[in-house]
Amino acid sequence: MPTYRSRLLIALVVFMAVSLAWAQSPTAQVTPREELRVALGYLGTEALDPIRGPNNNGTYLRMMFDPLVGIDYKGAKLSKETGLAKDWKTSADGLTYTFLLHQGVKFQDGTEVTAEDVKFSLERLADPQNLTTVGKIISNGIAKVAVLDKYQVQVALKQPMPTPLYRLSPLLDTSGLVTSKSHFEKVGAAGFAEKPRGSGPYKFVRRQAGSFITFEQAAPTHWAIGAPRFKRVTFRLVSDENSRIAMLKAGDVDFIDVGVEKSVQLRQSGFKIFKSDIADSLVILMNMPKEGSPTRDINLRTALSYAIDRESLNKFLFMGQAPPTGNPFAGQIGGQVIPPDPYDLAKAKEFLAKTKYGPGSQKLVLELHAQVRSAVPQMQQVAQTIQSDWRKLGVDSEIVFGDYGTWRAKVVAKTHAPNAVEVLNYGGRVDNSGNAILWWGCNGLLSHACDPEFDALAASWSAATSDALYETRAVRVEKYVRDHYFTIPGLDVPVLFAGNAQIRGDFSPGSIAVVFNERGLVWNPKP
């Protein structure tokens, strides 16, 4: 008869075997709770209409809406299985795209998704109030959208456009999300903004601005992802990283975004850590179009760059996991490795002496804006470190710490101060041709520069007619931005998330710009 000790030993061996199996099996299943709870440091503008905010809004919008062009379960590449378009064809001259839609897909009001809805959604990108990241660029490039039949829509371009399929997919933006034409026309723009209807796996239930947004299953199964793993999904806005971590440890949430330092501690505590396939660029954006802006002087911009000790930033705030970079675009297809400016205070002072802010001259005080966004919860400490570095140069700054959405609205309205600069993590993406125009084109929505030579280069990049030409022009624009210090590149920052046992072990944040592969959290992939 087994003794107590032998029974205990057997139980211990069984427990260790089960634990090892769990650790080695990324797809080990846990019975999901009814609700998935996600806490993030930033939720975009919290608008429920896909064209009323930047692609940060995609975190929650893609719960409600399906994209025209889909992406795979890992959030890494385009897919004809998960977007409304089950196939597409491109004309030989690159000017016409014909999309064939999946049949039988229903909006949450029971009506079927048709080519008319796709046409309506693409034409809405021309709305003057469109605030999507690259929506205006897509709209400006479209000559005509035509319905060929119930399930075929054709898009004619004014000129060849690089990566249009990426731009209409979740990998880059929310511009490809399809809305119900009949519902929109029934309730109007204001009604749609309060009670949106899409064809996604979840429908909107309620929200409290600045606090949470809750969704529930729209149907027992979704045509693309199967039976969603959770009946409800709630996104909470929790800007403080320590608060998010405390909620995860207490079991109050299941998934959070987290910085490098705290991710190590959470991994040691048994939580799962997930890393995005594309890093963010920690950059300092200059503010050059404004009359009276001190950073219009390239010598000042150069001085500010050489005065930043990037290696110390990486070592002390990112545990050595965010290497210094001189590249303004993380993740760009065909992008080149550009070395960062070394920390050289003497050289920085030489450049400052060429400005009106040199020794014995006019005192310069900048507004250093630092925004709350995912991936860099320690942004305030980053700003304080940069402030300290610049003081050694002889340039002072006042830190303005706040919400990115509020700051972005000021930039759009051009109400920010002439002496303002901003430090933020610029989301890595495979295509930055649209964002280059957005950030630095004379007519860009968030324009921080106005340089006719740059506009010509950026327009040429955006109009590239082949992959080889596109990549060549990408390098030219990257070099121009870097050489002219439109922005000061800092570090390539890993984008990390932490989850508990409710998150599948094989979940991947993917290669999605700014946010993450949120549908992967609720997806039931086919075996």
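Position 1 is the first residue of the sequence; numbering continues from there. These values consider heavy atoms only, across backbone and side chains, with no hydrogens, waters or symmetry-generated copies.
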> According to the interplanar angle, ranging from 0 to 90°, do the rings of Y426 and W439 count as parallel (below 30°), tilted (30 to 60°) or perpendicular (above 60°)?
Replying inline: perpendicular
> Can you say whether the rings of F255 and F516 are parallel (under 30°), tilted (30 to 60°) or perpendicular (over 60°)?
Replying inline: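 Geometry flag for F516 against F255: tilted rings.
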Side chains of [X] and [Y]: is there a donor and an acceptor less than 3.5 Å apart?
| X | Y | answer |
| --- | --- | --- |
| Y42 | D403 | no |
| Y404 | N56 | no |
| E367 | H416 | no |
| R310 | S305 | yes |
| S175 | T132 | yes |
| S79 | D72 | no |
| N327 | S281 | no |
| N517 | W523 | no |
| E35 | T234 | yes |
| S243 | R236 | no |

> With distance as the sole test, does R301 use its side chain to make a donor-acceptor pair with the main-chain N or O of H484 at under 3.5 Å?
Replying inline: yes
> Are any side-chain N or O atoms of K74 and backbone N or O atoms of D506, one a donor and one an acceptor, separated by less than 3.5 Å?
Replying inline: yes
Taking 4.0 angstrom as the limit, do [X] and [Y] come out as a salt bridge?
| X | Y | result |
| --- | --- | --- |
| R37 | D254 | yes |
| R232 | E34 | yes |
| R62 | E518 | yes |
| R482 | D341 | yes |
| R519 | D66 | yes |

Could you tell me the separation between the [atom1] atom of [X] and the [atom2] atom of [Y], rounded to the nearest 0.5 Å?
| X | Y | atom1 | atom2 | value |
| --- | --- | --- | --- | --- |
| D49 | M64 | CG | CE | 9.0 Å |
| R197 | F65 | CZ | CZ | 9.5 Å |
| I213 | Y60 | CD1 | OH | 5.0 Å |
| L40 | S239 | CG | OG | 11.5 Å |
| L285 | L446 | CG | CG | 9.5 Å |

> Hey, mind stepping through W440 and I437 against side-chain contact (heavy atoms from CB on, under 4.5 Å) and telling me if it holds?
Replying inline: CA-CA 5 Å; W440 298 296; I437 296 172; over 6 Å; no
